[in-house]
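Letters A, B, ... mirror the listed sequences (proteins, then strands); counts begin at 1.
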2 protein chains.
Amino acid sequence: MTISARVHYAALAMAELAARQDDIAPVSIREITDRHGVPGPFLVQILRTLRAAGLVESIRGSHGGYRLAADASTLTLLDIAEAMGCQENGCRTEATPTPADEMLQEIWREAAEASRDVLASKRLIDMVDQVKHGDSSMFYI
Amino acid sequence: MTISARVHYAALAMAELAARQDDIAPVSIREITDRHGVPGPFLVQILRTLRAAGLVESIRGSHGGYRLAADASTLTLLDIAEAMGCQENGCRTEATPTPADEMLQEIWREAAEASRDVLASKRLIDMVDQVKHGDSSMFYI
DNA sequence: TCTATACTTGACTATCTTGATCATGTTAAT
DNA sequence: ATTAACATGATCAAGATAGTCAAGTATAGA
């Protein structure tokens with residue numbers, strides 16, 4: 001579970017979409033780049049990935065934009081991280097692993113699982129609530 | 001806590017040294033590469049790093065080799081991972097983080113901490129015992 | 001002292017991943 | 001028709017990762 005800028009940006013974008021889940025109009029890329037400092041063309045790529053993973057849906061044309069594909073109460077940071085292709089960081093499996101190799105692999109797996117558990121416990125909706133209550137200027141400038 | 005091949009190899013080498021902690025003769029690079037499939041010149045580089053971190057000491061000259069610098073009961077996988085420069089995978093801090101940024105950073109930190117805790121709980125000596133009892137042919141061909 | 005063994009050091013290379021950017025095409029509202 | 005906005009594919013620079021190479025230094029033993 002390596003957290004790259006990609007994942008961080010993806011989480012920000014998803015949080016923004018979650019905060020405006022009940023709006024009629026979808027959220028445009030421009031709006032997201034304005035509020036969070038995500039580079040525009042890069043965000044396009046990220047949203048494409050999220051869309052391919054089925055986490056968001058896009059509305060094309062004028063007044064188009066993005067919208068969550070599922071309810072924010074069912075989505076977690078783990079879903080986002082996995083959608084962005086975060087790989088389990090057990091290192092490459094060898095052709096003929098020794099017992100010591102296998103024991104270590106098991107430990108790396110266990111460590112990765114611990115991270116995953118943390119991310120799986122963070123629901124998108126809770127994050128949005130937390131930020132909104134801490135500072136409501138967050139999502140609406 | 002991204003686990004690279006470097007860290008995996010480092011852990012194998014440290015386990016080998018731990019298993020032979022009470023031997024009179026130090027362990028040579030050649031012996032480690034023979035037993036585990038670590039590429040020789042690469043292992044040199046890894047041991048250099050472990051030495052710089054103070055985890056092993058080297059004996060030069062004929063019949064030279066490497067030896068643990070501390071007791072295997074005090075060393076954990078976390079010590080090894082950190083010695084090999086595993087970086088905390090909270091992604092780069094931004095100049096002016098928003099509240100949402102900060103909340104996410106805190107979560108990434110929490111996830112990384114969970115991995116660290118797992119690695120910190122794995123003592124080198126326990127790993128050696130485990131492998132030895134499971135299959136004693138491990139460390140001595 | 002000579003020699004073989006083994007560590008020391010520093011430089012070097014290929015490949016992959018990450019973090020982007022750009023140009024061009026397509027869709028839909030007005 | 002025009003315009004706002006997404007869609008797609010190509011491209012690119014920088015850094016990390018995995019691994020190699022060559023030349024030097026130290027020590028044991030004959």
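- Tested against B/Ile80 for a side chain to side chain contact (heavy atoms under 4.5 Å, CB included), the candidates B/Leu78, B/Thr76, B/Leu77 yield a single pass: B/Leu77.
- Residue order along DNA chain C, read from the 5' end via each residue's closest nucleotide, puts A/Pro39 first among A/Pro39 and A/Gly61.
- Atoms CG and CG, from B/Leu17 and B/Leu47 in turn, are 7.0 Å apart once rounded to the nearest 0.5 Å.
- In the set C/dG19, D/dG29, C/dT30, C/dG19 carries the atom at the smallest distance from any side-chain atom of A/Phe42.
- Within 4.0 Å of B/Gly65, counting heavy atoms only, lie sugar-phosphate atoms of the nucleic acid but no base atom.
- Under 3.5 Å, the side chain of A/Gln45 and the base of C/dG19 form no donor-acceptor pair of N or O atoms.
- In this structure, the separation between CD on B/Glu113 and CZ on B/Arg109 is 5.5 Å, given to the nearest 0.5 Å.
- Minimum atom distance to the side chain of B/Ser58 is reached by C/dC7, of the listed C/dT9, D/dT17, C/dC7.
- Counting any heavy atom pair closer than 4.0 Å across all strands shown, B/Pro41 reaches a base atom.
- The phosphate of D/dT17 (OP1 or OP2) has no side-chain N or O of B/Tyr9 nearer than 4.0 angstrom.
- With C/dT30, C/dA28, C/dA4 as the candidates, the nucleotide lying closest to the side chain of B/Ser62 is C/dA4.
- Counting non-hydrogen atoms under 4.0 angstrom, B/Arg30 reaches nothing in the nucleic acid.
- Both A/His63 and A/Val7 lie near DNA chain C, and the one whose nearest nucleotide falls closer to the 5' end is A/Val7.
- Residue B/Met84 contributes atom CE, which lies 12 Å from atom P of D/dG19 at whole-angstrom precision.
- A/Ile59 places its CD1 atom 19 Å from the P atom of D/dA4, with the value rounded to the nearest Å.
- Taking 4.0 angstrom as the limit, A/Ser28 places none of its side-chain polar atoms (N or O) nearer than this to OP1 or OP2 of D/dA4.
- A donor-acceptor contact under 3.5 Å is formed by the side chain of B/Arg60 with the base of D/dT25.
- Residue A/Arg51 has no polar side-chain atom (N or O) positioned under 4.0 Å from OP1 or OP2 of D/dC6.
- Heavy atoms of A/Leu47 sit nowhere under 4.0 angstrom from any nucleic acid atom.
- Here B/Arg48 lies in heavy-atom contact (under 4.0 Å) with a base.
- One distance of note links CD of A/Glu110 with NZ of B/Lys122; it measures 3.5 Å at 0.5 Å rounding.
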